[in-house]
Amino acid sequence: MYDKPIRVRIAPSPTGNCHVGTARTALYNYLFARKNGGKFILRIDDTDTKRNSIESEEGVLEGLRWVGLDWDEGPDVGGPYGPYRQSERLDLYHKYVQQLLDEGKAYECFCTPEELAAEREAQNARKEDPRYSGRCLHLTQEEKDAFRAEGRKAAIRLRVPDDKISFHDVIRGMVESDGALMGDFVIQKSDGIPLYNFATVIDDHVMEISHVIRAAEHISNTFPQVVIYRALGWELPEFAHLVLLLNPDKTKISKRKGAVYLGEFAAMGYLPEAMLNFNAFLGWNPGGEELQEILTKEELIELFSLERCTQSNAVFDPVKLDWMNGMWIRKLSASEVAERVLPFMQKAGMIGPVSEDQMLYLTKLISLIHERLPRLDAAPESLSYFYCDWSVDEVALDLFASKKQTPSDIVMLLKRTLDLLLQTEFAAEPMEAAMNQLCDDMQWKKGDFFMPLRVAFTNRKVSPPLFHTMELIGRARVIARMEMAIAALEK
RNA sequence: GGCCUCUUCGUCUAGUGGUCUAGGACGCUGCCCUCUCACGGCGGUAACAGGGGUUCGAAGCCCCUAGGGGCUACCA
């Protein structure tokens with residue numbers, strides 16, 4: 001299918017957190033590699049020494065692992081093309097910078113940031129496009145020495161030929177621009193650190209990356225990168241630029257307009273399976289008339305292809321994520337959900353250290369709310385009345401209010417039900433039979449009959465079906481709560 | 001501003017010149033199920049950005065316009 005070995009990479013900067021956009025790009029690289037028997041490589045792009053720190057690398061890796069991705073080569077697992085941090089590959093970049101310098105394809109530039117800014121400003125004032133003038137290109141040795149004597153350090157610029165620049169993109173076809181518009185750009189800062197565009201090209205080539213799959217914001221970076229490939233005489237990899245993720249207002253996805261880090265989604269009770277699944281459909285779909293959207297990682301691998309990636313930006317819709325998360329929760333077994341819900345219950349202070357009995361109980365509770373749980377973090381709230389009691393003063397009297405029944409009607413109902421329960425086996429089925437019978441005998445509508453009972457048992461108007469709920473609340477507490485409700489109503 | 005790029009229901013999308021009175025999913029909504037809430041089932045709502053071509057025929061090809069987005073650093 002492909003003539004070269006497939007090698008793809010995700011190259012995040014170590015920012016401490018894993019951004020959804022990073023996760024989505026990583027996912028597509030991963031799916032492509034796994035689908036085609038290639039290698040998926042993780043490389044840390046940490047050449048921005050001002051902003052990055054080695055410690056913040058782990059947060060990114062953690063996020064990627066959380067959604068279920070694993071890589072064949074990377075800073076943590078090693079590999080034959082290492083090291084996998086750009087900050088540890090500086091000698092390599094210097095070697096190629098030197099080569100370009102020796103070949104006259106690059107030159108030293110002693111301009112200060114202030115001088116460059118002034119130049120840009122002047123160009124703007126003249127309504128010209130800001131672009132480096134190339135004034136350091138013809139510096140004599142004496143002039144360079146003079147700058148050095150001043151203490152200036154040189155940045156290195158690449159000479160950009162006035163040619164058309166084009167590359168092939170698997171998703172977008174041929175993309176073309178003109179080198180004449182570009183101006184000689186910096187490939188190495190005066191502190192000796194290479195710029196992103198340069199380091200990326202060197203690494204992608206040296207690591208034998210076959211397909212550069214990355215977000216669309218890099219399309220314009222690709223032009224200078226192509227110039228670098230050509231200067232070095234290297235063949236271009238295949239490119240594939242993925243659509244951008246957008247906020248609901250169509251601006252580029254950002255913090256402030258909602259969650260963007262995987263850690264935040266985890267804390268909100270989203271399942272990694274759902275995040276993965278949802279991300280997969282942001283800019284890709286397997287096609288077909290009746291498309292199946294709930295897919296496992298394995299199914300996605302099977303279905304994935306770069307050719308089916310879409311080409312217009314996609315809004316990250318949290319509402320649809322919620323739906324998909326609910327689907328995934330229902331796909332898991334009750335005990336699996338219980339395990340994942342446990343940390344949320346503990347955080348809410350409802351469960352301390354767990355015993356086997358408690359896990360068993362939690363699992364039973366989960367099976368009651370399983371299909372009512374959109375996110376794991378909703379569990380503590382919807383299970384609170386199983387774990388927490390309340391006093392007479394806290395009985396939610398207003399919830400008993402009804403146009404059809406007076407408080408004394410309700411008290412009567414509670415008393416008769418209480419009598420009945422005292423002589424009924426405390427299990428869902430027998431209670432259901434007995435209480436339905438009572439309802440018929442009293443000739444109340446079912447809704448009118450059961451709602452006050454629900455309020456008495458749970459202190460709320462929404463709960464899972466009553467009989468199993470009662471069974472799990474337990475006989476003593478059900479009875480106590482009924483007596484308490486009666487007392488509160490009679491006050 | 002310049003360069004690049006994109007444009008089908010509110011959102012994610014199917015669609016590769018006739019099978020499109022444009023299909024699916026989320027959302028919203030009606031009905032059914034039902035002790036509440038959910039789940040589930042069956043319906044409904046809603047789109048080819050606009051204008052010119054090309055063609056017997058255009059959502060799909062070409063051109064223009066408009067709009068969105070990205071980039072425009074000694075950031076990545």
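Remember, it's a predicted structure, so these values are computed and weren't measured experimentally. Here is the naming used below: chain letters follow the sequence lines, and residue numbers restart at 1 for every chain.
Tyr93(A) and Asp203(A) share a side-chain donor-acceptor pair at under 3.5 Å. Of the N and O atoms on the side chains of Asp249(A) and Thr251(A), at least one donor lies less than 3.5 Å from an acceptor on the other residue. Defined by atom type and a distance below 3.5 Å, a donor-acceptor pair is missing between the side-chain atoms of Asp45(A) and Ser13(A).
Side-chain atoms of Ser190(A) lie closest to C74(B) of the nucleotides C35(B), G70(B), C74(B).
The salt bridge (charged side-chain N to carboxylate O under 4.0 Å, His left out) test applied to Arg172(A) returns no partner, not counting sequence neighbours. Partners of Glu238(A) by side chain to side chain donor-acceptor pair (under 3.5 Å), not counting sequence neighbours, listed by chain and number: His168(A). In this structure, the salt bridge (charged side-chain N to carboxylate O under 4.0 Å, His left out) partners of Lys255(A), at least two apart in sequence or on a different chain, are Glu264(A). By the salt bridge (charged side-chain N to carboxylate O under 4.0 Å, His left out) test, Lys252(A) pairs with Glu217(A), sequence neighbours left out.
In this structure, C42(B) and G30(B) make a Watson-Crick or G-U wobble pair, each of the two defining distances being under 3.5 angstrom. Under the Watson-Crick and G-U wobble criteria, each requiring two contacts below 3.5 Å, nucleotide U19(B) is left unpaired. The partner of A25(B) is U11(B), judged by Watson-Crick or G-U wobble contacts that both fall below 3.5 Å. Across all strands shown, the partner of G67(B) is C6(B), judged by Watson-Crick or G-U wobble contacts whose two distances both fall under 3.5 Å.
Counting any heavy atom pair closer than 4.0 Å across all strands shown, Phe278(A) reaches no nucleic acid atom. Within the 4.0 angstrom heavy-atom criterion, no nucleotide atom of any strand lies near Leu373(A). Lys446(A) comes within contact range of the sugar-phosphate backbone alone, with a heavy-atom separation under 4.0 Å but no base atom that close. Among the atoms of the strands shown, base atoms are found under 4.0 Å from some heavy atom of Cys111(A). The residue His241(A) sits apart from the nucleic acid: no heavy atom pair falls under 4.0 Å. Among the atoms of the strands shown, none is found under 4.0 Å from any heavy atom of Gly326(A). Residue Asn436(A) is out of contact with every strand shown, counting any heavy-atom pair closer than 4.0 Å. Contacts of Ser463(A) with the nucleic acid, taken as non-hydrogen atoms under 4.0 Å apart, include base atoms. Using a 4.0 Å heavy-atom criterion, one finds that Leu466(A) contacts the bases of the nucleic acid, with or without backbone contacts as well. Heavy atoms of Pro464(A) sit under 4.0 angstrom from at least one base atom. Among the protein residues, Pro465(A) comes within range of the nucleic acid bases, having at least one heavy atom under 4.0 Å from a base atom. Across all strands, Gln188(A) comes closer than 4.0 Å to no nucleic acid atom at all (heavy-atom distances).
Per the geometry, OH belonging to Tyr196(A) stands 11 Å off P belonging to U72(B), to the nearest Å. Taking atom NZ on Lys404(A) and atom P on C35(B), their separation rounds to 14 Å, with Å as the unit. Distance, His468(A) NE2 to U36(B) C1': 16 Å, rounded to whole Å. Taking atom CD of Glu293(A) as the reference point, atom C1' of U11(B) lies 12 Å away to the nearest angstrom. Atom CD of Glu371(A) is separated from atom P of A38(B) by 12 Å (rounded to the nearest Å). If you take CG of Asp204(A) and P of A76(B), they are 14 Å apart, rounded to a whole angstrom. Summarising the geometry, the separation between CG on Leu282(A) and C1' on U11(B) is reported as 10 Å, rounded to the nearest angstrom. With rounding to whole Å, Arg330(A) atom CZ is found 8 Å from A38(B) atom C1'.
The P atoms of C12(B) and G69(B) are separated by 14 Å, rounded to the nearest whole Å. Nucleotides C9(B) and U65(B) have their C1' atoms positioned 24 Å apart, rounded to a whole Å. Across U72(B) and A14(B), the matching C1' atoms stand 36 Å from one another, rounded to whole Å. Taking the P atom of each, A49(B) and G67(B) are spaced 16 Å apart, rounded to whole Å. Taking atom P on both U13(B) and A66(B), the two are 26 Å apart, rounded to the nearest angstrom.
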Pairs under 3.5 Å (N/O, protein and nucleotides 44-47 of chain B):
none

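Shortest non-hydrogen contact noted between Arg477(A) and Cys388(A) is NH2-N, 4.1 Å.
For Arg157(A), a side-chain nitrogen or oxygen approaches OP1 or OP2 of C74(B) to under 4.0 Å. Contact between the side-chain N/O atoms of Arg120(A) and the OP1/OP2 oxygens of C74(B) is found at a separation under 4.0 Å. Residue Thr251(A) places no side-chain N or O under 4.0 Å from the OP1 or OP2 atom of G68(B). For Lys252(A) and C71(B), the shortest distance from a side-chain N or O to OP1 or OP2 is below 4.0 Å. Residue Lys189(A) places at least one side-chain N or O closer than 4.0 Å to OP1 or OP2 of C75(B).
Closest-nucleotide positions on RNA chain B for Gln86(A) and Pro130(A) were compared, and the one nearer the 5' end corresponds to Pro130(A). The residue among Pro248(A) and Ile171(A) whose nearest nucleotide of RNA chain B lies closer to the 5′ end is Ile171(A).
Near RNA chain B, meaning a heavy atom under 4.0 Å away, the residues from residues 308-325 of chain A are Arg308(A), Thr310(A), Gln311(A), Ser312(A), Asn313(A), Ala314(A), Val315(A), Asp317(A), Val319(A), Lys320(A), Trp323(A).
One N or O on the side chain of Asn277(A) and one on the backbone of Glu293(A) form a donor-acceptor pair closer than 3.5 Å.
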When the side chains of residues 220-227 of chain A are checked against the rest of the protein, which donor-acceptor pairs come out under 3.5 Å, sequence neighbours left out?
{"residue": "Asn221(A)", "atom": "OD1", "partner": "Asn197(A)", "partner atom": "ND2", "Å": "3.4"}
{"residue": "Asn221(A)", "atom": "ND2", "partner": "His218(A)", "partner atom": "ND1", "Å": "3.1"}
{"residue": "Thr222(A)", "atom": "OG1", "partner": "Arg214(A)", "partner atom": "NH1", "Å": "3.1"}
{"residue": "Thr222(A)", "atom": "OG1", "partner": "His218(A)", "partner atom": "O", "Å": "2.8"}
{"residue": "Thr222(A)", "atom": "OG1", "partner": "Ile219(A)", "partner atom": "O", "Å": "3.2"}
{"residue": "Thr222(A)", "atom": "OG1", "partner": "His241(A)", "partner atom": "NE2", "Å": "3.2"}
{"residue": "Gln225(A)", "atom": "OE1", "partner": "Arg214(A)", "partner atom": "NH2", "Å": "2.7"}
{"residue": "Gln225(A)", "atom": "NE2", "partner": "Asn197(A)", "partner atom": "OD1", "Å": "2.8"}

Let me have the donor-acceptor pairs involving side chains of residues 438-448 of chain A, under 3.5 Å, with sequence neighbours excluded, atom names and distances please.
{"residue": "Asp441(A)", "atom": "OD1", "partner": "Gln437(A)", "partner atom": "NE2", "Å": "3.0"}
{"residue": "Lys446(A)", "atom": "NZ", "partner": "Asn436(A)", "partner atom": "OD1", "Å": "3.1"}
{"residue": "Asp448(A)", "atom": "OD2", "partner": "Lys404(A)", "partner atom": "NZ", "Å": "3.1"}

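Of the residues listed (Phe316(A), Tyr270(A), Trp328(A)), the one engaging Phe278(A) in a ring pair (Phe, Tyr, Trp, His ring centres under 6.0 Å) is Phe316(A), and it is the only one.
Within the structure, every pair that satisfies the ring-ring contact (aromatic ring centres under 6.0 Å, His included) test and touches residues 445-470 of chain A, not counting sequence neighbours, is listed here: Phe450(A)-Phe467(A).
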